[in-house]
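Just below is one structure, and these are the notes that go with it.
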Amino acid sequence: MITGSLRSRETIRTHLTRTQRPALTLAAALLLMPVALHAAESAYARHATVALVQARTTQPPRRTAPPRKPTARPVSANAVMRPTSPVGAPALAADLGAMLNGKTRNGEWGAIVVSLSRGDTLYSYEPDQPMVPASTMKAFTAALALERLGPDHTFSTDVLRDGSLGPDGVVHGNLILRGDGDPALSPRFVRGGPDAPMDMLARFVAGAGVKRVDGDIIADASGMEGRLIPEGWLTRWSGAAYAAPFSALSLNENIVIVGVYPEKSGDVSVRLEPASSGLQVVSSVRRVAGRRTQVRVRMVGESQVVVTGTIGASASPHRVQLVVADPVRFTAGAFREALRAQGIEVGGEVKVGRTPEGAVTVTSMPSPPLSRLVSVMNRESINHYAEQIFRGAARGPLRNEPGSADHAYAQLRAFAESKLGVAPNGLVATDGSGLSVLNRVTPRSLVQLMDYAHNASWGSVFHASMPVAGESETLRTRMRNTAAQGNLHAKTGTTNEVISLSGYVTAENGELLAFALLYNGVDRWNARETIDAIGPTLAAFSR
């Protein structure tokens with residue numbers, strides 16, 4: 001059981017230095033290397049898929065144990081690595097070893113394949129080496145949340161009042177908007193555009209009889225830590241949609257759309273989607289003749305949207321996404337605007353605070369069940385969902401524990417060591433999404449997770465949350481027309497210096513295999529091609 005968390009980059013470096021082999025230095029080096037992340041993980045890849053399975057024609061080697069290191073097999077730099085159909089564990093080990101060493105020109109591999117049907121290890125290479133996992137970290141976040149909260153758990157965004165509600169519909173006091181870390185307050189689940197989530201909540205408030213609020217709107221985001229960006233996220237990612245901040249009060253994954261419209265009157269209007277009094281728009285955009293648009297939109301400080309440039313009179317509206325720097329005021333400001341749209345006036349201001357004792361619930365808006373949220377997180381590899389769910393798992397089912405990354409990590413370590421059997425050096429996590437460059441997992445810890453999840457009461461939800469090779473989300477274009485298509489389901493991980501895949505595949509003879517394949521290095525396209533040959537090879541394996 002862990003008694004504390006690793007709170008700094010220096011602490012984690014020291015921890016890893018004690019646990020890693022001196023000769024393997026890439027993991028430490030990655031702490032200093034530039035890592036341009038993760039838009040590639042959220043978008044579907046566009047490079048060619050692996051070729052059809054090639055039947056194995058040679059007899060299996062007569063060895064009884066897999067090689068300690070991959071066996072070299074000459075492969076042309078331009079040749080496509082093809083999957084095989086190995087018969088017997090020795091043949092599988094020989095083929096996987098050759099593949100790991102056959103194409104990548106640098107970097108480090110860690111891999112392990114275990115038969116969950118028979119309980120034996122079919123192949124391993126550096127299975128206990130801590131490596132950067134990228135988004136395969138989300139598999140741990142999913143398991144922790146499902147274990148602690150259960151698949152039916154919902155997050156709740158609540159509206160409360162700290163004063164009386166008169167028969168005339170006036171709240172004599174403040175209206176409190178209390179967040180629970182719901183990641184699904186967005187058009188992804190609430191249909192109708194960026195304004196839809198707060199519009200729906202405001203309709204609920206109007207339906208409860210509220211017509212006016214004498215006091216303020218109090219934004220309560222105390223359910224989660226005040227730090228908005230996890231440790232280990234690089235500063236140069238600031239402003240990227242995949243690295244948006246998180247908060248107990250978050251809206252539209254903390255993205256706002258800024259629309260610039262040339263009006264028939266000759267003016268130019270700038271609109272926010274969703275509308276929010278938490279952001280101030282400063283525009284100097286001029287309307288010019290023609291269709292040409294040269295508009296720049298940027299966030300200045302935490303609350304000012306500055307729009308400059310020109311837009312043609314006959315041009316289409318110009319719309320730009322911006323990452324919100326202060327999710328709490330942004331969300332509460334959108335709530336106030338939604339109340340106004342429902343005819344509910346607020347006499348005071350938007351303030352940040354806590355819900356007072358004795359506050360009365362006016363209405364609540366529950367999230368979809370955790371099972372659906374985990375599916376979105378894993379299949380589309382959404383970092384915002386992962387960070388919200390990670391801290392929601394830390395709070396626990398009674399919502400009475402700290403909603404922080406430190407506490408989530410403590411809970412994850414306890415779960416991993418007591419339930420999964422993970423070694424003390426098998427898991428280091430400073431976030432729940434895998435975006436942090438400080439995270440480390442071993443291939444063995446990932447397979448131990450897959451083993452436990454397969455037999456857990458929530459195992460079917462975990463299985464269903466994974467992308468499927470050749471068919472869905474981040475694996476949609478990979479391993480098509482192979483034995484892995486429609487069969488292999490696994491969590492992907494992709495950055496400029498990490499390619500990883502961990503999950504399940506059913507072999508030709510019906511065995512269920514759990515596997516973890518991690519590559520750390522800069523030859524990621526060849527590493528991905530290697531993984532996409534190994535997946536169908538596992539699917540075609542028999543013995």
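Quick caveat: nothing in here was measured; it's all calculated off a predicted structure.
Formation of a donor-acceptor pair under 3.5 Å by the T495 side chain with backbone atoms of A134 is not found in this model. With S500 contributing its side chain and P133 its backbone, the two residues share a donor-acceptor pair below 3.5 Å. Formation of a donor-acceptor pair under 3.5 Å by the Y385 side chain with backbone atoms of L373 is not found in this model. Of the possible polar contacts, none joining the R118 side chain to the E511 backbone as a donor-acceptor pair under 3.5 Å is found. The backbone N or O of V328 lies less than 3.5 Å from no partner atom in the side chain of S247, so there is not a single donor-acceptor pair. N487 places no side-chain N or O within donor-acceptor distance of the main-chain N or O of V505, the cut-off being under 3.5 Å. For the pair Q448 (side chain) and G421 (backbone), a donor-acceptor distance under 3.5 Å is present. At distances below 3.5 Å, not a single donor-acceptor pair connects side-chain atoms of N254 with backbone N or O atoms of V323. The closest donor-acceptor contact from the side chain of S433 to the backbone of E387 lies at 3.5 Å or more, if one exists at all. Judged purely by atom type and a 3.5 angstrom limit, S276 uses its side chain to pair as donor or acceptor with the backbone of F330.
Residues L370 and L146 meet the side-chain proximity criterion, which asks for heavy atoms closer than 4.5 Å. With contacts defined as side-chain heavy-atom distances shorter than 4.5 Å, the pair L339/L175 qualifies. For the pair P274 and D199, the minimum side-chain heavy-atom distance is 4.5 Å or more. A heavy-atom distance below 4.5 Å is not found between the side chains of T157 and F335. Within the 4.5 Å cutoff, the side chain of N455 has no heavy atoms near those of the L116 side chain. Proximity of P443 to Y125: side-chain heavy atoms (C-beta onward) are nowhere separated by under 4.5 Å. A 4.5 Å side-chain heavy-atom check between M137 and V441 finds at least one atom pair inside the cut-off. Contact of the L96 side chain with the F541 side chain is not registered, since no non-hydrogen atoms from C-beta on lie closer than 4.5 Å.
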**Item:** side-chain contact (heavy atoms from CB on, under 4.5 Å) assessment of L513 paired with T506
**Value:** CA-CA 6 Å; L513 310 181; T506 301; over 6 Å; no

**Message:** Evaluate L488 against L538 for side-chain contact (heavy atoms from CB on, under 4.5 Å), listing each step before the verdict.
**Reply:** CA-CA 9 Å; L488 180 148; L538 296 177; 5.6 Å; no

**Prompt:** Stepwise, does the side-chain contact (heavy atoms from CB on, under 4.5 Å) test hold for L501 with R528?
**Reply:** CA-CA 9 Å; L501 190 70; R528 179 167 143 160; over 6 Å; no

**Message:** Using side-chain contact (heavy atoms from CB on, under 4.5 Å), reason through M365 and M200 one step at a time and then give a plain yes or no.
**Reply:** CA-CA 9 Å; M365 186 169 173; M200 180 175 290; 3.6 Å; yes

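Side-chain polar atoms of D523 and N106 form no donor-acceptor pair below 3.5 angstrom. Checked by atom type, the side-chain pair K491/S381 shows a donor-acceptor distance below 3.5 Å. For the residue pair T355 / D220, a side-chain donor-acceptor distance below 3.5 Å is found, with atom types taken as modelled. N378 and S465 share a side-chain donor-acceptor pair at under 3.5 Å.
Applying the salt bridge (Lys or Arg N to Asp or Glu O under 4.0 Å) test to pairs two or more places apart or on separate chains, those with a residue in residues 350-379 are D216-K351, R379-E473. Residue pairs meeting the salt bridge (Lys or Arg N to Asp or Glu O under 4.0 Å) criterion with at least one member in residues 441-465, sequence neighbours excluded, are D128-R444. Applying the salt bridge (Lys or Arg N to Asp or Glu O under 4.0 Å) test to residues at least two apart or on different chains, the pairs with a partner in residues 140-156 are E147-K419, R148-E401.
Atoms CD1 and CG, from I534 and L92 in turn, are 9.5 Å apart once rounded to the nearest 0.5 Å. Between the OG1 atom of T492 and the CE atom of M466 there is a distance of 9.5 Å, given to the nearest 0.5 Å. To the nearest 0.5 Å, atom OG1 of residue T430 and atom OH of residue Y409 are 9.5 Å apart. One finds the CD atom of E471 at 5.5 Å from the CD atom of Q485 (value rounded to the nearest 0.5 Å). Atom CG in L517 sits 7.5 Å away from atom OG in S502 (nearest 0.5 Å). Of the inter-residue distances, the one linking L435 atom CG with N383 atom CG reads 5.0 Å to the nearest 0.5 angstrom.
Summarising the geometry of P356 relative to I176, their closest heavy-atom pair is CD-CD1, 4.0 Å, with the distance given to 0.1 Å. When all heavy atoms are compared, the tightest approach of G426 to S445 is O-OG, 3.3 Å. Across M479 and G535, no two heavy atoms sit closer than the pair SD-CA, 4.0 Å. For P151 against P369, the heavy-atom pair with the smallest separation is O-CB, 3.7 Å. Taking both residues in full, the closest heavy atoms of A394 and S404 are given as CB-O, 3.8 Å, listed atom of the first, atom of the second, then distance. Of all heavy-atom pairs between A248 and A221, the closest is CB-O, 3.5 Å.
Scanning for salt bridge (charged side-chain N to carboxylate O under 4.0 Å, His left out) contacts around E225 gives R227, R391, with sequence neighbours left out. When the salt bridge (charged side-chain N to carboxylate O under 4.0 Å, His left out) test is applied to D195, no partner is found at least two apart in sequence or on another chain. Annotation: ring-ring contact (aromatic ring centres under 6.0 Å, His included) contacts of H454 (sequence neighbours excluded): H463. For F515, the ring-ring contact (aromatic ring centres under 6.0 Å, His included) test picks out no residue, with sequence neighbours left out. Applying the side-chain hydrogen bond (donor to acceptor under 3.5 Å, both in side chains) rule to Q388 yields no partners; only residues at least two apart in sequence or on another chain are considered. Residues meeting the ring-ring contact (aromatic ring centres under 6.0 Å, His included) test with Y452, sequence neighbours left out: F415. Scanning for ring-ring contact (aromatic ring centres under 6.0 Å, His included) contacts around H153 gives F155, with sequence neighbours left out. With sequence neighbours excluded, the residues forming a side-chain hydrogen bond (donor to acceptor under 3.5 Å, both in side chains) with E253 are R188, listed by chain and number. Scanning for side chain to side chain contact (heavy atoms under 4.5 Å, CB included) contacts around R329 gives D326, V352, with sequence neighbours left out.
Ring geometry for Y519 against W109 counts as tilted: the plane angle lies between 30° and 60°, on a 0 to 90° scale.
Checking I218, L201, V350 one by one against L177, the side chain to side chain contact (heavy atoms under 4.5 Å, CB included) holds for a single residue, L201.
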